[in-house]
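Letters A, B, ... mirror the listed sequences (proteins, then strands); counts begin at 1.
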There are 2 protein chains.
Amino acid sequence: MLQFDTLTLDSHSPIYLQILRFIKQEIASGTICYGDELPSRRVLSALLGVNPNTVQKAFHLLEEEGIIESRAGAKSVIAADEAAANRLRAELREVEARSAIQLLRESGLTKKEALALIEQFWDQPPERSDG
Amino acid sequence: MLQFDTLTLDSHSPIYLQILRFIKQEIASGTICYGDELPSRRVLSALLGVNPNTVQKAFHLLEEEGIIESRAGAKSVIAADEAAANRLRAELREVEARSAIQLLRESGLTKKEALALIEQFWDQPPERSDG
DNA sequence: AAAACTGTATTACTGATATAATACAGTTAG
DNA sequence: CTAACTGTATTATATCAGTAATACAGTTTT
């Protein structure tokens, strides 16, 4: 079953979006696939220490995207087949790339400069100034 | 004086942050420098079509960072000298690069993949799906 | 001094987020 | 069948970010 040990919540974005993205990534990477059961809303919310409604919000959005399938009473299952997972993987990468590009563009960087900066800082831990 | 014609507001991030970053960038690029006057909160807010307090929020943060100097009654002026502007330029680039890197890391991309995606999508306009 | 500007402070409204407490209905396991 | 689980829906509350409206106080200008 889906392991949620690797999902660590931060405060940078809404919890329901973090859950949403995590599950998308797990599907994209093949950790879970078509037909697999998801933990129930109540169980997952207990695991993560959040409110059941927060999990429900994420699941509801996944349902709307056709990524999972839910029937009242039964556990939700993955509805995305292998082809859908591949599309999801491409989509996720493109979305992330575009977000990053938008950020870099906004600061007036050229493509060349942006690539060089990413090269430079990718492996470098952020400096602590502490002041 | 500082031209705000080149500042176009979008809805992707808070207005006050867009204003804040714009002014930082103008200082970093040398468009405005030490001693230059900024337009008043009210004038700028009218120019941008936003609330004066939204501008105030940006200016207040700039003041806290020591980038501008404000006295009640008089217009705010740039407090950052040339050295500070240079530091600002480097800082802006690093901050943007790190934000972008964080985004890309979160989706499990390697540096190589990230660079390739940015190469690929930099010049491509986003697709419209429209449904 | 007075008018017209300036920065500053306070308060309020809105929407998004997160949580909570229930309630209801369908499925599954015993 | 029944108990214990499921998903779903509703309503309420609290908080925060962002924006807005307004009042107040200091300066510059005339």
As a test of reading the structure: which of [options] is closest to the side chain of [X], going by heavy atoms?
| X | options | value |
| --- | --- | --- |
| A:Val43 | C:dT19, D:dT8, D:dT6 | D:dT6 |
| A:Asn53 | C:dT19, C:dT17, D:dG7 | C:dT19 |
| B:Ala74 | C:dT19, D:dT28, C:dT28 | D:dT28 |
| A:Thr54 | D:dT6, D:dA20, C:dA18 | C:dA18 |
| A:Ser70 | D:dG26, C:dT6, D:dG7 | D:dG7 |
| A:Gln56 | D:dT8, C:dA18, D:dT19 | D:dT8 |
| A:Ser40 | D:dA20, C:dT19, D:dG7 | D:dG7 |

Can you confirm if the NZ or CZ of A:Arg98 lies within 45° of the ring axis of B:Trp122 and under 6.0 Å from the centre of its six-membered ring? no
Do B:Ser76 and B:Arg41 get their side chains close enough for a donor-acceptor pair, meaning under 3.5 Å? yes
[atom1] of [X] versus [atom2] of [N]: gap in Å, rounded?
| X | N | atom1 | atom2 | value |
| --- | --- | --- | --- | --- |
| A:Leu20 | C:dT17 | CG | P | 12 Å |
| B:Glu37 | C:dC5 | CD | P | 15 Å |
| B:Glu64 | C:dG7 | CD | C1' | 15 Å |
| A:Ile19 | C:dA18 | CD1 | P | 9 Å |
| B:Leu38 | C:dT6 | CG | P | 12 Å |

Does the D:dG7 base have a donor-acceptor partner in the side chain of A:Arg42 within less than 3.5 Å? yes
Rounded distance [0.5 Å steps], CG in B:Leu104 versus CD in B:Glu113: 10.5 Å
Just to be sure I understand the rule, does A:Val55 reach a base, reach only the sugar-phosphate, or reach nothing, if contact means heavy atoms closer than 4.0 Å? nothing
So what does A:Tyr16 hit on the nucleic acid, given a heavy-atom distance under 4.0 Å: a base, only sugar-phosphate, or nothing? sugar-phosphate
Whether A:Arg41 contacts D:dT8 is assessed here as follows: a side-chain N or O lying under 4.0 Å from the phosphate OP1 or OP2. Is that the case? yes
